[in-house]
Student: 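Can you keep this structure in mind? I'll have questions shortly.
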Amino acid sequence: MSVILVEGGRRLSGAVTVQGAKNSVLPILAATVLSGGVCCVKGCPDLSDVDTAAQIIRHLGGEVRREGAALVVDTRCISRCEIPEELMRRMRSSVMFLGAILGRCGEAVCSHPGGCELGPRPIDLHLHALRTLGAEIREENGRLLCRGGALRGAEIFLHIPSVGATENAMLAACAAEGTTIISNAAREPEIVELQDFLRAMGACVQGAGSATVVVEGRKKLHGCVHRVRPDRIVAATYLCAAAASGGCIYLRRADYRQMAAVLCVLRQSGCDIRSDGCGIRIKSDGCLRAVPPVRTSPYPGFPTDDQAIMMAALLRSRGSTVFVENLFSDRYRHVPQLRKLGAQIRTEGQTAIVTGAEKLHGAAVQATDLRGGAALVVAGLQAEGVTQVDRIEHIERGYADIVGDLSGLGARIYREE
Ligand code: EPZ
């Protein structure tokens with residue numbers, strides 16, 4: 001078992017390049033199944049979730065190989081339409097293969113996906129979207145048996161703008177006959193990136209980034225080359241680390257246009273933030289102030305994925321900040337861990353109130369989920385003494401090299417086997 005050790009109290013300085021976005025690359029890897037060709041995904045982060053997606057593609061009969069920072073995926077020889085339960089359980093995004101396999105093979109067999117435990121994470125909207133396109137789906141002994149021989153374009157309304165359901169609907173709709181209109185679609189940047197990738201494969205998709213996505217199906221698709229955009233959540237993590245520790249860092253490739261809500265909160269807390277179009281620079285004296293309530297909501301609102309990280313940044317701020325988590329019912333699992341470092345946080349239902357503590361002290365803590373784990377690292381950077389973060393497999397699902405990146409910025413942080 002590996003752990004991350006953080007010795008707090010160092011200011012951060014220097015520059016780091018932000019990795020490619022996990023939540024972009026996973027639906028893109030599912031989309032390669034539809035291409036029936038060879039796709040080159042450049043700037044693909046080396047993550048355990050990416051590895052799981054590669055294993056799924058290999059299981060289906062495709063070939064995946066890493067060439068430096070790129071993943072080359074050949075899906076010409078896909079011959080299977082079933083995903084083993086063990087691979088499904090490893091991450092939430094395994095469910096994205098459902099729409100893609102259905103579109104490519106006309107049938108698909110899988111089980112319910114795993115992923116971070118943030119409260120109930122049903123897939124009813126995914127199934128609703130696929131059924132609306134004409135798929136027959138039944139559940140037998142925990143396995144989902146899907147037939148979609150003749151998918152037909154349709155009007156799909158999502159009663160929640162689910163990121164994953166929007167992506168699954170887009171994937172299946174590419175292979176459906178006729179026009180699909182997805183209403184109340186998620187507007188996250190990752191949806192726009194999936195649209196770009198699908199278009200590069202020859203698909204006809206429009207409207208991503210708005211609440212209505214329109215897909216014209218049945219076009220023959222082909223392989224393509226795509227460069228994955230920077231990860232806005234990883235960028236936010238490093239900004240929060242610098243905000244809390246103090247110092248000045250530059251994040252190459254970070255895209256301020258996708259991060260307005262987070263940058264606004266960091267500015268309110270007293271940080272100086274500039275973007276030159278190629279990246280973001282943050283300067284902080286490490287003495288943050290409390291900010292107006294932070295309420296998570298779908299894009300372009302404050303991202304739920306940044307909630308724990310921002311909370312960690314404000315643990316020593318002057319005053320109290322209220323957080324309201326509106327997307328997931330159980331996304332405060334990091335709170336008891338943060339309290340071990342001396343954090344003063346009260347939770348009630350979906351609300352958490354953080355009152356700045358004078359100081360934090362190192363302790364042994366456990367990552368409870370991916371972003372909650374990153375929050376423990378951000379907290380450890382400000383704590384006196386050593387913080388030991390356990391269960392770092394959660395963190396490594398989304399951060400290719402959090403230890404290398406932060407130590408490159410001057411933090412005392414190590415990974416120990
Ligand atoms: C994506 O998850 C991200 N994952 C999550 O990031 C992120 O937290 C989430 O979007 C919200 O932004 C990936 O992109 C791989 P949703 P997803 O469907 O697609 C409910 C991270 O740390 N819902 O938009 O699973 C659901 O319960 C991860 O990188 C249904 O009710 O999120 C939630 O309350 C964690 N039925 C809300 O919608 C459904 O069928 C939003 O979930 C689907 C979702």
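Any value given below was found using the heavy atoms of this structure, including those in side chains, with hydrogens, waters and symmetry copies removed. Quick caveat, the model's predicted, so the values are computed rather than measured. Just follow the structure's listing: the first ligand is 1, and inside any ligand the first atom is 1.
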Student: Please check if the number of heavy atoms outside Arg339 that lie under 6.0 Å from its CZ is greater than 12.
Tutor: yes
Student: Which one of Leu327, Asp231, Thr166, Val25 has a non-hydrogen atom at the shortest distance from atom 34 (O) of ligand 1?
Tutor: Leu327
Student: I need the atoms of ligand 1 closer than 4.0 Å to a non-hydrogen atom of His126, numbered in the order shown.
Tutor: 40 (O)
Student: Side chains of Arg58 and Glu63: does their closest heavy-atom pair fall under 4.5 Å?
Tutor: no
Student: Among all protein non-hydrogen atoms, which one is nearest to atom 18 (O) of ligand 1, and what is the separation to 0.1 Å?
Tutor: Ser162 OG, 2.6 Å
Student: One thing to verify: whether Arg295 and Glu325 come together as a salt bridge, which I'm taking to mean a side-chain N less than 4.0 angstrom from a carboxylate O.
Tutor: no
Student: Taking distance alone, with N or O pairs closer than 3.5 Å, would you say Pro122 contacts ligand 1?
Tutor: yes
Student: Mind checking whether Ile28 and His226 have side chains closer than 4.5 Å, heavy atoms only?
Tutor: yes
Student: Does Ser93 approach ligand 1 within less than 4.0 angstrom via side chain, backbone, both or neither, non-hydrogen atoms only?
Tutor: side chain
Student: Looking only at protein heavy atoms, identify the closest one to atom 38 (O) of ligand 1 and say how far it is in Å.
Tutor: Ile160 CG2, 3.6 Å
Student: Only heavy atoms count here, so choose which of Asp305, Leu26, Asp369 is nearest to atom 6 (O) of ligand 1.
Tutor: Asp305
Student: Quick one: look up the protein heavy atom nearest atom 19 (O) of ligand 1 and list residue, atom name and how far away it is.
Tutor: Gly164 N, 2.8 Å
Student: For Arg92 and ligand 1, answer yes if some heavy atom of the residue is under 4.0 Å from a ligand atom, otherwise no.
Tutor: yes
Student: What I want to know is whether Glu167 and ligand 1 share at least one N or O pair that is separated by under 3.5 angstrom.
Tutor: no
Student: For ligand 1, which atoms, with element, lie under 4.0 Å from some heavy atom of Leu370?
Tutor: 22 (O), 29 (O)
Student: Please say whether Thr304 places an N or O atom under 3.5 Å from an N or O atom belonging to ligand 1.
Tutor: no
Student: Show the atom names and distances, to 0.1 Å, of all donor-acceptor pairs under 3.5 Å that link a side chain in residues 362-376 to residues at least two apart or in another chain.
Tutor:
residue, atom, partner, partner atom, Å
Asp369, OD2, Arg371, N, 3.3
Asp369, OD2, Gly372, N, 2.9
Arg371, NH1, Tyr399, OH, 3.3

Student: Measure the distances from the heavy atoms of Ala186 to every atom of ligand 1 and state whether one is below 4.0 angstrom.
Tutor: no
Student: Would you call Arg415-Glu396 a salt bridge at under 4.0 Å N-O?
Tutor: yes
Student: Let me know which of Glu67, Lys42, Arg66 forms a side chain to side chain contact (heavy atoms under 4.5 Å, CB included) with Val72.
Tutor: Glu67
Student: Taking 4.0 angstrom as the limit, do Glu348 and Arg346 come out as a salt bridge?
Tutor: no
Student: Which pairs would a plain distance check flag for residues 99-115, meaning a side-chain donor or acceptor within less than 3.5 Å of a matching protein atom at least two apart in sequence or in another chain?
Tutor:
residue, atom, partner, partner atom, Å
Arg104, NH1, Val33, O, 2.9
Arg104, NH1, Thr75, O, 2.7
Arg104, NH2, Thr75, O, 3.1
Arg104, NH2, Arg76, O, 3.3
Ser111, OG, Arg143, NH1, 3.3
His112, NE2, Glu139, OE2, 3.3

Student: Heavy-atom contacts with Ile123 under 4.0 Å: which atoms of ligand 1 show up? List them by number with element.
Tutor: 40 (O)
Student: Below 4.0 Å, non-hydrogen atoms only: which portion of Val163 touches ligand 1? Side chain, backbone, both or neither.
Tutor: both
Student: Return the residue, atom name and 0.1 Å-rounded distance of the protein heavy atom closest to atom 29 (O) of ligand 1.
Tutor: Arg371 NH2, 2.7 Å
Student: Students should be able to answer this: which protein heavy-atom is nearest to atom 3 (C) of ligand 1, and at what distance?
Tutor: Asn23 ND2, 3.7 Å
Student: Quick one: which ligand 1 atoms are inside 4.0 Å of a heavy atom on Lys22?
Tutor: 21 (C), 29 (O)
Student: Tell me, which protein residue and heavy-atom name are nearest atom 17 (P) of ligand 1, and how many Å apart are they?
Tutor: Arg121 NH2, 3.8 Å
Student: What I'd like to find out is whether the side chain of Leu118 reaches to under 4.5 Å of the side chain of Leu327, using heavy atoms alone.
Tutor: no
Student: Any salt bridge linking Arg121 with Asp330? Criterion: basic side-chain nitrogen under 4.0 Å from a carboxylate oxygen.
Tutor: no
Student: Taking 4.0 Å as the limit for heavy-atom contacts, which would you say applies to Pro120 with ligand 1: side chain only, backbone only, both, or neither?
Tutor: backbone
Student: Checking contacts here: is it the side chain or the backbone of Asp124 that comes within 4.0 Å of ligand 1, counting heavy atoms only? Could be both or neither.
Tutor: both
Student: Check each of Met91, Arg331, Gln307 against atom 35 (C) of ligand 1 and report the one with the nearest heavy atom.
Tutor: Arg331
Student: Taking Arg90 first and then Glu86, would you say they form a salt bridge - that is, a charged N and a carboxylate O separated by under 4.0 Å?
Tutor: yes
Student: Does this structure show an ion pair linking Arg138 with Glu136, if we count only N-O contacts that are shorter than 4.0 Å?
Tutor: no
Student: At under 4.0 Å between heavy atoms, is it the side chain or the backbone of Phe328 that contacts ligand 1, or both, or neither?
Tutor: side chain
Student: Side chain or backbone of Leu125 under 4.0 Å from ligand 1, or both, or neither, by non-hydrogen atoms?
Tutor: both
Student: Do Arg316 and Leu288 have side-chain heavy atoms sitting under 4.5 Å apart?
Tutor: no
